[in-house]
Chemist: 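This is the structure I have questions about; it appears just below.
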Amino acid sequence: MTDRNFTEAEFLSFLEGQPARAQEAQKVAMEAAANTLLKDARSTVGTYQREDMGPLPPWAELADSTKNDRARQGYPENEPGLRSGEMRDSYQTRVPDPRHIVLGSNDPKAVFFENGTVKQPPRPVISTALFRKHHDITRQIAKSLTHAIGGGSIFTSANDASDPET
């Protein structure tokens, strides 16, 4: 960003516009953050999660009976939670207000997958995505807001906020 020289009136005018710019930048940054979380959550389904999970338990190997059932139905035996792709694709995000992102699924199987059952260990998708991406999206949102408040353009994607040149 370039240095600016303001008259007092220009500076006051600049400051008057900042709340609206900050609100717009936050809205755009939260939408980009929601997309980042959604992409990570969807990519988690179908692959064993054993690293970069923080306090979450690594995913257990599928039971032999599950592998056999998957193979019998024509699915690869070692893609936990992924058969037709319906459950993976059911994950959605929304930004109900400027301070919250909702990431979830309307597929009842996703609840059992996330939390486990008596017969199935938990294979967390949502909490894994949150753990892996919370630092990245926090930095992206902060960078987007400070850039916009400083008079820069409002970022339109997570890539803009990640670019060290902006």
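Computed from heavy atoms alone, side chains included, the values below leave out hydrogens, waters and symmetry copies. In this text, all values refer to a predicted model and were calculated from it rather than measured experimentally.
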Chemist: Just to verify, what does His100 make a side chain to side chain donor-acceptor pair (under 3.5 Å) with, not counting sequence neighbours?
Modeler: Asp97
Chemist: Do other residues, nucleotides or ligands put more than 12 heavy atoms under 6.0 Å from Gln23 CD?
Modeler: no
Chemist: The criterion is side chain to side chain donor-acceptor pair (under 3.5 Å); which residues satisfy it with Thr128, sequence neighbours excluded?
Modeler: none
Chemist: Among the clusters formed by ILVMFWY side chains lying less than 4.5 Å apart, do Phe113 and Leu103 turn up in the same one?
Modeler: yes
Chemist: What do you reckon, is CD of Glu8 surrounded by more than 12 foreign heavy atoms closer than 6.0 Å?
Modeler: no
Chemist: Taking everything shown except Lys39 itself, do over 12 heavy atoms lie less than 6.0 Å from its NZ?
Modeler: no
Chemist: Please list, chain by chain and in numerical order, all residues satisfying side chain to side chain donor-acceptor pair (under 3.5 Å) with Thr93, sequence neighbours excluded.
Modeler: none
Chemist: So which atom in Tyr48 and which in Trp59 form the shortest heavy-atom distance, rounded to 0.1 Å?
Modeler: CA-CE3, 4.0 Å
Chemist: For Arg72, what residues pass the salt bridge (Lys or Arg N to Asp or Glu O under 4.0 Å) criterion, not counting sequence neighbours?
Modeler: Asp69
Chemist: Apply salt bridge (Lys or Arg N to Asp or Glu O under 4.0 Å) to Arg50 and list each qualifying residue two or more places apart in sequence or on a separate chain.
Modeler: Glu61
Chemist: Which pair of non-hydrogen atoms, one from Asp136 and one from Arg132, has the smallest distance, and what is that distance?
Modeler: OD2-O, 4.3 Å
Chemist: Look at atom CZ of Phe112 and say whether more than 12 heavy atoms of other residues, nucleotides or ligands are closer to it than 6.0 Å.
Modeler: no
Chemist: Provide the full list of ring pair (Phe, Tyr, Trp, His ring centres under 6.0 Å) pairs with a residue in residues 69-92, sequence neighbours left out, each pair given once.
Modeler: none
Chemist: Flag the pair Leu62 / Arg123 as yes when at least one side-chain heavy-atom distance between them is below 4.5 Å, and no otherwise.
Modeler: yes
Chemist: Main chain of Leu82, side chain of Arg88: is a donor-acceptor contact present, judged purely on distance under 3.5 Å?
Modeler: no
Chemist: Just do the side-chain contact (heavy atoms from CB on, under 4.5 Å) check on Thr44 and Gln49 with the steps written out, would you?
Modeler: CA-CA 7 Å; Thr44 297; Gln49 303 302 307; 3.4 Å; yes
Chemist: Taking atom CD of Glu77 as the centre, report whether more than 12 heavy atoms of other residues, nucleotides or ligands fall under 6.0 Å from it.
Modeler: yes
